[in-house]
Amino acid sequence: MDLWQRTMIRLARSERVTDLMQRHGGATALARRFVVVGGPEAAVATACRLRDRRGISASLSYLGEYVSDPVLIERTVEASLAVSQLLGAAGLDVQVSVDSTAIGELASPDLCRANAGRIARSVAAQPLAGRNFLMLDMEDLSLVESTLRLQSHLLDHGLPAAVTLQARLRRTVRDLESVLTRSPAVRLVKGAFPRGPEDDHQGKAAIERSYLSLARTMLSPPAREAGLHPVFATHDDGLIGRVAGLAREMGVPQDGYEFEMLYGAHREGEQRLRAEGYAVRLYVPFGVAWWPYAVRRVGEHPRNALLLGRSLVRQRRTGVLLLHPDVVRRTSSTVTRSPITRRPLLIFDGECGFCTACATWAQRRLGNADVLPGQRVNVATYGLTARDVSAAAWWIDSAGQVHRGHRAIGRALRACGGWWTVVGWACLIPPFSWVAWAVYGLVARFRHRLPGSTPACHMTSDDRSGRAQLADSGQD
Ligand code: FAD
C-alpha cells in the first residue's frame, strides 16, 4: 500500500503528467468525483447546496499546492479571500483550508506569513455563523515545523488559525500538546505522506492506536476548557465508530466535535453520520489544478484507480480531438455559478479592437445578458485566468456553466433572438458546430487582419503578460 501511495505521490508531483492531464481534457470522471472544477462562486454554491440539502458543512480549499510562481501564489490567495467573503455573505460558517506551499512557503516564508495573515484577517472579518477559521493543511514532514510556526505566528496576532495534525507521525504527540490550549481547532488525519519507521508509526493498527490516543487528548477536559474544537478527518468507518464511542465515554456531546471527509470520497458514510446526528463537514477543493490532488486520492484508495483508468482511456480516445478548443478547456467549461448571479455574461478580450467591435454589436442585441471585457471582470470567479480571456470568448450561462470559443459565441447568438437564434443553434449542433469551430479558430487566429483590429489583437497572451509585468514594474 505504501509503495502504491508513494508512486501516486510521485505521479502527483510530475509536472509533465500534471500538464498533460489538466490541459488535455482527460479530467472527466476522476476530477469531477473529487473536485469542484471552477472558481470561488462554484465552490460556495456547492457549500450552500451541501448545507441546504444535506445539513453538511464545508471547508473550501483552492487547488494548487507546491508552487513558487508569484502569480500562482497570488491566485490562491485571491481565491481564498473570495471564498471567505462569499461564505460570509451566504451566511455559512467560514472555513477556508490552505496548504502553506500554495501561499508562498516555497518562495519565501515571509510571503507565506503575509498571505496567511491576509486570509485569516478576511475570515475573522466575516459574520459569525458558526466557527470561522483558516485551517492550515499539513504537508510532508519537511513542512511540519514551518506550518506549526506559521500557525503560532497567526495566533500571536490574534487571528483564527487552526491546524491539521497527522496521526502517523511519531512527533504529533508533542505537536498536539503544544497547540492544545491555543488552537481554535485541530483536524486530526491519519497522514497522507508515509515516511519510514523512524518518523512514522508503521502499519494500520499502529496508526489507528496513535489516532485514538490523540483523539482522547483532543476530547480531554483541558482541551475542552480551552475551547479547542476537535475535527476527526477520516473515512474509516471502524475508526469513526471508535472515536464516537470514546467521545460518549468521555461525556462529550455530539455537537462538541465533528467528522470531516473529503468531497466525493465516502458519500454513504457522510449520510449515515448525519442521520445519526453527528456534525459532518466536507473538505471541498475547487479550481482547475485538479491532477495532483485527485491522484493522491487514488493513492489513498486503490479502488479509485478505476476512475483514473477511465480518465486515461478517455484521454487516449479523445486524442484526435485534442486541438478542439472545447476539449482543451473541458476542465473549466463546466463551472457551476452561484445562484446569486443569474444573468448570463459574455466575456470578451477588451484589449482587442475586433473583439470589442463584435461585443458592441452583441450588446445591442442582448437584452437579458451582460457583455463585459475580461479585463473588467474578476474572471477567477469563473475559474478563468487573464490568459484564458486573451485566448477566447467566454459565455457564463444563467446556471453558471462556462462555455468557451464557438460554443460561447453560439450561446450568445442564440440569446440575441430573431434569426440569430437559428445561427446560434447551428453553432452548437453537429455537423454545423464543426464548421463553427473551424471558422471560430480561423477568426481567432487572424483577428489582427480583420476590420477594427488593434495591435493587441496580434499579441499572444505571453506578450500580454510580459507587457503587464513591465507595466507593473513601471517600465512601460
Ligand atoms: P484509510 O484507512 O486510508 O481508509 C479507510 C477507508 O476509507 C478505506 O478502506 C476506503 O474505503 C475509504 N477511503 C479512504 N480514502 C478514500 C478516498 N480518497 N476515496 C474513497 N475512499 C476512501 N492528509 C495529510 O497528510 N494532510 C492533510 O492536511 C490532510 N487533510 C485532510 C483533510 C480531510 C478532511 C481528510 C478527510 C483527509 C485529509 N488528509 C490529509 C488525508 C488523510 O491523511 C488520509 O490520507 C486519508 O484520509 C485516508 O485515510 P483514512 O483516514 O480515510 O483511512
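Just so you know, ligand 1 is whichever comes first in the structure, and atom 1 is the first atom listed for that ligand. One-based numbering along the sequence shown.
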Checklist entry - With a 4.0 Å heavy-atom cut-off (strictly under), which part of M261 contacts ligand 1: side chain, backbone, both or neither? => result backbone

Next on the checklist: Please determine whether the number of non-hydrogen atoms from other residues, nucleotides or ligands lying under 6.0 Å from atom CD of E276 exceeds 12.
Outcome noted: yes

Checklist entry - Which residues pass the ring-ring contact (aromatic ring centres under 6.0 Å, His included) test with F133, sequence neighbours left out? => result none

Checklist entry - Heavy-atom contacts under 4.0 Å between K204 and ligand 1: side chain, backbone, both, or neither? => result side chain

Item to check | Distance-only N or O hit between ligand 1 and G191, under 3.5 Å | outcome: yes

Next on the checklist: Considering V284, V163, I240, L262 one by one, which has a heavy atom nearer to atom 35 (C) of ligand 1 than any of the others?
Outcome noted: L262

Item to check | Atoms in ligand 1 flagged as close to Q166, the criterion being non-hydrogen separation under 4.0 Å | outcome: 24 (C), 25 (O), 26 (N)

Item to check | Trace of the ring pair (Phe, Tyr, Trp, His ring centres under 6.0 Å) decision for Y62 with F286 | outcome: CA-CA 5 Å; Y62 186 69; F286 68 98; 5.3 Å; yes

Next on the checklist: Tell me the contacting part of T164 for ligand 1: side chain, backbone, both, or neither, using a 4.0 Å heavy-atom threshold, strictly below.
Outcome noted: side chain

Checklist entry - Would you say ligand 1 has an N or O under 3.5 Å from any N or O of E260? => result no

Checklist entry - If we ignore angles and hydrogens, is there a donor and acceptor under 3.5 Å between the side chains of R182 and S152? => result yes

Next on the checklist: M138 versus ligand 1: do any nitrogen or oxygen atoms come within less than 3.5 Å of each other?
Outcome noted: yes

